[in-house]
> 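Got a structure for you, questions after.
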There are 2 protein chains.
Amino acid sequence: MTDKKTIKVETTFSGAGYIPNLAIDVVIFGFHDKQLKVLLMKYNRTEFYALPGGFIKNNENLDTAAMRVALERTGLTDVFLEQFYVFGDINRYDPTPFAAIMEANDTKPDKDHFLLQRFISIGYFALVDFTKVTPTPDKLFDSCNWYELNAMPALIQDHTSIINKALETLRAKLDDKLIGFNLLEENFTMGELQNLYETILDKKLLRPAFQRKILALGILERIAKKYSGAAHKAPYLYRFVSK
Amino acid sequence: MTDKKTIKVETTFSGAGYIPNLAIDVVIFGFHDKQLKVLLMKYNRTEFYALPGGFIKNNENLDTAAMRVALERTGLTDVFLEQFYVFGDINRYDPTPFAAIMEANDTKPDKDHFLLQRFISIGYFALVDFTKVTPTPDKLFDSCNWYELNAMPALIQDHTSIINKALETLRAKLDDKLIGFNLLEENFTMGELQNLYETILDKKLLRPAFQRKILALGILERIAKKYSGAAHKAPYLYRFVSK
DNA sequence: TCAAAAGTGTTTAGTCTACACCCATGA
DNA sequence: TCATGGGTGTAGACTAAACACTTTTGA
């Protein structure tokens with residue numbers, strides 16, 4: 001993961017080979033303990049928290065760059081990824097955190113350094129199976145960890161509003177597109193799926209209605225019963241099957 | 001409109017003062033004669049047709065840049081504008097049209113000229129009142145005209161698929177957001193609105209159902225009757241009122 | 001046999017579809 | 001008074017909400 005070739009932000013990073021003024025930020029959502037979580041990075045020797053992000057190589061597709069960022073932080077290939085908005089106000093980009101980060105890592109950047117310019121950022125969100133993720137920092141980061149949405153540290157720049165916009169998009173697309181399954185393990189119970197929906201939409205749903213609505217979509221396959229050892233009827237396990 | 005300060009693409013254009021590798025393309029939709037139309041430009045002394053587009057000034061908000069492009073081509077301020085997708089594949093950008101355009105205008109660009117680099121393009125769509133628009137070319141263009149969606153010339157690069165994606169987004173948002181009104185004049189009849197919906201969605205709708213659905217939204221104000229001189233009941237004029 | 005959670009049935013209310021009907025208008 | 005298009009009424013079909021009931025599980 002910390003292979004030198006894949007490190008995208010180094011304090012000695014000059015920006016050569018990358019498109020200037022353009023960044024990618026990826027909101028990586030996971031679901032665990034009935035909570036929706038996002039992956040956040042903390043820069044070395046600072047209190048700056050940020051979304052996983054990166055830049056676009058001169059010869060790289062946009063989606064490939066986003067996938068690369070997701071891979072670097074989660075260890076997962078083949079992640080569900082979707083572009084959702086571009087953040088391009090002039091005043092969104094404040095160079096002072098980056099200047100401070102570089103100084104904390106003993107680098108003195110020029111005033112016109114690649115990283116201190118204005119950046120326009122393309123927002124992607126990723127939906128991943130929490131249990132399969134290995135949160136992975138690299139040289140520039142003290143940590144890479146999951147945070148509950150309502151227990152996040154302050155983030156640099158407009159990253160908090162990027163997360164909010166991502167969540168808004170996720171909510172809107174949850175119903176017409178069938179993307180929720182990407183947040184669960186391969187096999188799951190109807191209760192787990194309902195939990196996920198309730199968490200994302202932040203409201204209670206009626207169990208019978210939910211069960212019928214989801215099954216009526218005809219995209220779930222009933223696998224087997226899941227005996228948890230608890231003293232109640234064992235729920236069925238389902239698996240997503242696309243046609 | 002052809003004030004030198006606002007010309008964004010000139011054959012002598014060096015790119016100075018603009019963000020490199022990043023463009024904006026605006027799909028400007030109008031509605032006329034029961035047809036949905038888009039505004040297209042034709043480059044001087046070539047057969048290259050393209051979407052209205054432009055670049056982002058170093059100190060300009062993304063939305064402002066899109067609004068500027070729309071203003072330059074339509075003469076309208078305060079246009080309904082929405083960002084819908086970023087087109088960022090490496091192979092989407094083919095420099096040969098731009099090289100040919102510059103040569104047709106007696107300019108010989110370097111191989112590493114601003115305009116011949118890879119571009120990532122941020123797609124916006126605009127909904128305008130057809131009757132208020134003055135299609136406006138500038139020095140670089142022979143023409144700026146409305147085209148019906150199914151009678152468009154071949155477009156450079158991936159502009160055709162940008163239009164398709166814009167149309168897709170427009171269809172999807174027509175129902176939940178109430179953006180269709182932007183394509184009509186201030187006062188309109190229910191029949192005109194239904195025509196618009198039928199054209200965009202490309203299917204017939206039932207008149208009674210449509211009337212009730214729209215009125216149930218509670219966002220229309222009934223103004224007066226519109227006497228057209230035809231031998232039938234005069235329809236009401238409505239006006240959009242936001243709460 | 002009991003509590004808890006899963007799954008299914010059923011009644012009701014609400015919404016949508018399709019068609020019918022009535023209204024206003026100018027020839 | 002007739003044809004035309006606009007507006008509303010309404011029966012039936014379909015769908016969703018709310019609640020009840022049954023089933024399965026381990027203690």
Side-chain angles (χ1 to χ4, degrees), chain A residues 31 33-35 171-172 174-176 178 180-181 184-241, chain B residues 31 33-35 171-172 174-176 178 180-181 184-241:
Chain A
F31 184 66
D33 269 347
K34 302 189 180 183
Q35 290 281 347
R171 280 185 182 141
L174 196 58
D175 257 336
D176 34 282
L178 307 162
F181 306 101
L184 297 175
E185 299 186 59
E186 197 189 341
N187 299 333
F188 49 87
T189 68
M190 195 57 76
E192 285 163 358
L193 185 61
Q194 186 176 343
N195 253 319
L196 171 66
Y197 269 67
E198 288 181 341
T199 305
I200 293 177
L201 300 175
D202 197 25
K203 65 174 177 188
K204 285 276 164 219
L205 302 172
L206 293 170
R207 195 168 51 84
F210 183 79
Q211 167 116 349
R212 266 187 284 259
K213 181 181 136 187
I214 297 291
L215 288 181
L217 297 172
I219 51 165
L220 291 194
E221 187 182 15
R222 195 174 268 186
I223 307 291
K225 292 197 172 187
K226 184 191 183 184
Y227 295 91
S228 62
H232 58 74
K233 189 171 176 178
Y236 290 103
L237 281 171
Y238 293 89
R239 174 166 54 189
F240 178 77
V241 279
Chain B
F31 184 66
D33 268 348
K34 303 190 178 182
Q35 290 281 347
R171 281 186 182 139
L174 196 57
D175 257 336
D176 36 280
L178 309 161
F181 307 101
L184 297 175
E185 298 187 60
E186 197 189 341
N187 300 333
F188 50 87
T189 68
M190 197 55 77
E192 287 163 358
L193 185 61
Q194 187 178 342
N195 253 318
L196 171 67
Y197 269 67
E198 289 181 341
T199 305
I200 293 177
L201 301 176
D202 195 26
K203 64 174 178 189
K204 286 275 163 219
L205 302 173
L206 294 170
R207 194 168 51 84
F210 183 79
Q211 167 115 348
R212 268 188 282 258
K213 181 181 135 186
I214 297 292
L215 289 181
L217 296 173
I219 50 165
L220 291 194
E221 188 181 14
R222 194 174 269 187
I223 306 292
K225 290 195 173 189
K226 184 191 183 183
Y227 295 90
S228 61
H232 57 75
K233 188 171 177 179
Y236 291 103
L237 281 172
Y238 294 90
R239 175 165 52 191
F240 178 78
V241 280

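Labels below follow one simple rule: chain letters A, B, ... track the order of the sequence lines, proteins then strands, and each chain is numbered from 1.
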> Quick check: does any side chain N or O of B:R222 sit under 3.5 Å from a backbone N or O of B:L237, one acting as donor and the other as acceptor?
no
> When you look at B:L193 and B:F210, which way does the side-chain contact (heavy atoms from CB on, under 4.5 Å) test go after all the steps?
CA-CA 9 Å; B:L193 185 61; B:F210 183 79; 3.9 Å; yes
> Do you know which of A:I214, A:L220, A:I219 makes side-chain contact (heavy atoms from CB on, under 4.5 Å) with A:L178?
A:I219
> So how far is it from B:K213 NZ to B:L206 CG, rounded to the nearest 0.5 Å?
11.0 Å
> Using the heavy-atom set of chain B and a strict 4.0 Å cut-off, write down the first and last nucleotide of DNA chain D that makes it in, 5' to 3'.
D:dA3 to D:dT10
> Identify, residue by residue, the members of residues 196-215 of chain A with a heavy atom below 4.0 Å from DNA chain D, and return them in order of residue number, or none.
A:L206, A:P208, A:R212
> Do A:F181 and A:L196 come close enough that some side-chain heavy atom pair is under 4.5 Å?
no
> Passes salt bridge (Lys or Arg N to Asp or Glu O under 4.0 Å), A:E198 versus A:K204? Steps please.
CA-CA 6 Å; A:E198 288 181 341; A:K204 285 276 164 219; 3.5 Å; yes
> Would you please indicate yes or no on a ring centroid separation below 6.0 angstrom for A:F240 and A:F188?
no
> Would you compute the distance between atom OH of A:Y238 and atom CE of A:M190 and round it to the nearest 0.5 angstrom?
4.0 Å
> How would you give the extent of chain A contacts on DNA chain C, as first and last nucleotide 5' to 3' within a 4.0 Å heavy-atom cut-off?
C:dA3 to C:dT10
> Quick one: does A:E192's side chain have a donor or acceptor within less than 3.5 Å of a partner on A:T189's backbone?
yes
> CG of B:L205 to CD of B:Q194: how many Å apart, nearest 0.5 Å?
5.5 Å
